[in-house]
Amino acid sequence: MKHGITHLFVPGPTNVPEAVRQAMNVPMQDIRAPDFGDLTLGLFADLKRIFRTETGRVMMFPGSGTGAWEAAITNTLNPGDRVLMARHGHFSTLWAQMAERLGLVVELVDVAWGAGTPVREFARRLGADRHGAIKAVFVTHNETATGVTSDVAAVRRALDECLHDALLFVDGVSSVGSIDFRMDDWGVDLAVTGSQKGLMLPAGLGILAVSDKALQAARGATMRRAYFEFDDMLRMNATGYFPYTPPTQLFHGLRRSLDRLLAEGLDNVFARHHRLASGVRAAVAAWGMQTCAEHPSLASDTVTAIRVPQGVDARDVLRLGYDRYNISFGSGLGPLNGRVFRIGHLGDLNEGMCLTAVALAELSLAAAGARIDLGAGVAAAQGLYATPAISRPRLTIAAE
Ligand SMILES: *Cc1c(COP(=O)(O)O)cnc(C)c1O
């Protein structure tokens, strides 16, 4: 029998704040009621602030991040279109597979799992593409499998420097709402996220922010789509309605999670994630272990992927952590299976929770046979957390 709580340190689904969970405990309601837009129109407006876009349109499809990927592709591209993508982790790999399945010609750049989006190689290919054959460039902003954050702004600069007008697609599933993301400043055309990561909700919404240019492309795009048709969604959304039944409970939760994020202030949210992540990284360094991210400048503030020492199977770390210590860590995905375990540190999190994750990671590593000084990582993280936070976010919402 297990006692106490099971600690959730997977990088999605993330912990749902109690206030958000309570906010979802409401009766079912009429999705065609005259005042339904009172709930939904505010969500669209505030999601735009989370994506940092003024000119883009936000859509919420019942589904998950993967559904939002599909919506982005099928609405704006044509079968046979050439697209430029990189493969440097499980999620970028799945995205490329989807693009192929949907009939795109994928120009794939393979880089190490642990590297970021290869901006210079992208720039070279875009520069060589004199006739504009490449219709879209895809960037996985935060590769959740490897704990690597890529430089989206640099990809935008590469496009601009080549005077290339391919659409810029960004997977922000594990970055939007927790790592600095700027749709308008970076000229992102299609940004994708889901409800169960930085937005601290259960899974169930695939969320997109779409630029004017992407909407224009959608008008002529011939790829087959039905459920994910932008046009149907936007037409109904204009007055706050949906073309089919949306998950209203999630909307109430989203209302509360947006209130929390905006009350804290997005920059404070990002600073908190950076601080918490820095503590986890200090622990990894104290263990003498390596992150999957090849360079500190690539290290993600929402998830750390840790390479286990030679002779240790990361699957044992996960299993022993779960069985003995009531904690879920993220597994090593694809070729990283057995070599890596991940600590997700995004969403509703504080120093004490991260110290728990670090302490239980030490016990799990030791149980799996790693030589580790118990407490070394905890002390390193504590050292980091002992310094005052850069800003002291204060929630001002009633009843928090
Ligand atoms: C979680 C995740 C996805 C997949 O999202 P689902 O909501 O599980 O469909 C895609 N991309 C990244 C970077 C992710 O972290």
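Order of appearance sets the numbers: ligands from 1, and atoms from 1 within every ligand.
- Between Lys135 and Asp129 there is no salt bridge, since no side-chain N of the basic residue sits under 4.0 Å from a carboxylate O of the acidic one.
- In Trp69, the part holding a heavy atom less than 4.0 Å from any atom of ligand 1 is the side chain.
- A salt bridge between Arg260 and Glu264 is absent, with no side-chain N of the basic residue lying under 4.0 Å from a carboxylate O of the acidic one.
- The two residues Phe230 and Ala72 have their closest heavy-atom pair at CZ-CA, 4.3 Å.
- With ligand atoms numbered from 1 in the order given, ligand 1 contributes 6 (P), 7 (O), 8 (O) to contacts under 4.0 Å with heavy atoms of Gln196.
- Per-residue contacts place Ser174 under 4.0 angstrom from the following atoms of ligand 1 (heavy atoms of the residue considered): 13 (C), 15 (O).
- A salt bridge is defined here as a Lys NZ or Arg NE, NH1 or NH2 lying under 4.0 Å from an Asp or Glu carboxylate O, and Arg52 with Asp180 meets this definition.
- The aromatic rings of Tyr227 and Tyr244 sit parallel to each other, their planes meeting at less than 30°, with 60° as the upper class boundary.
- Listed by number with element, the atoms of ligand 1 under 4.0 Å from a non-hydrogen atom of Thr144 are 12 (C), 13 (C), 14 (C), 15 (O).
- A side-chain N or O of Thr222 and one of Asn78 form a donor-acceptor pair less than 3.5 Å apart.
- Scanning all protein heavy atoms for the shortest distance to atom 4 (C) of ligand 1 gives Thr66 OG1, 3.8 Å.
- Taking all atoms of both residues into account, the shortest heavy-atom contact from Val119 to Ala158 is CG1-CB, 4.5 Å.
- Checked by distance only, ligand 1 and Gly67 stay at 3.5 Å or farther apart across all their nitrogen or oxygen atoms.
- The protein heavy atom nearest to atom 12 (C) of ligand 1 is Asp171 OD2, 3.4 Å.
- Heavy atoms of Ser64 come nearer than 4.0 angstrom to ligand 1 in at least one pair.
- Lys197 counts as a contact of ligand 1, since one of its heavy atoms falls under 4.0 Å from the ligand.
- Close contacts of ligand 1 with Asn142, meaning ligand atoms under 4.0 Å from a residue heavy atom, involve 13 (C).
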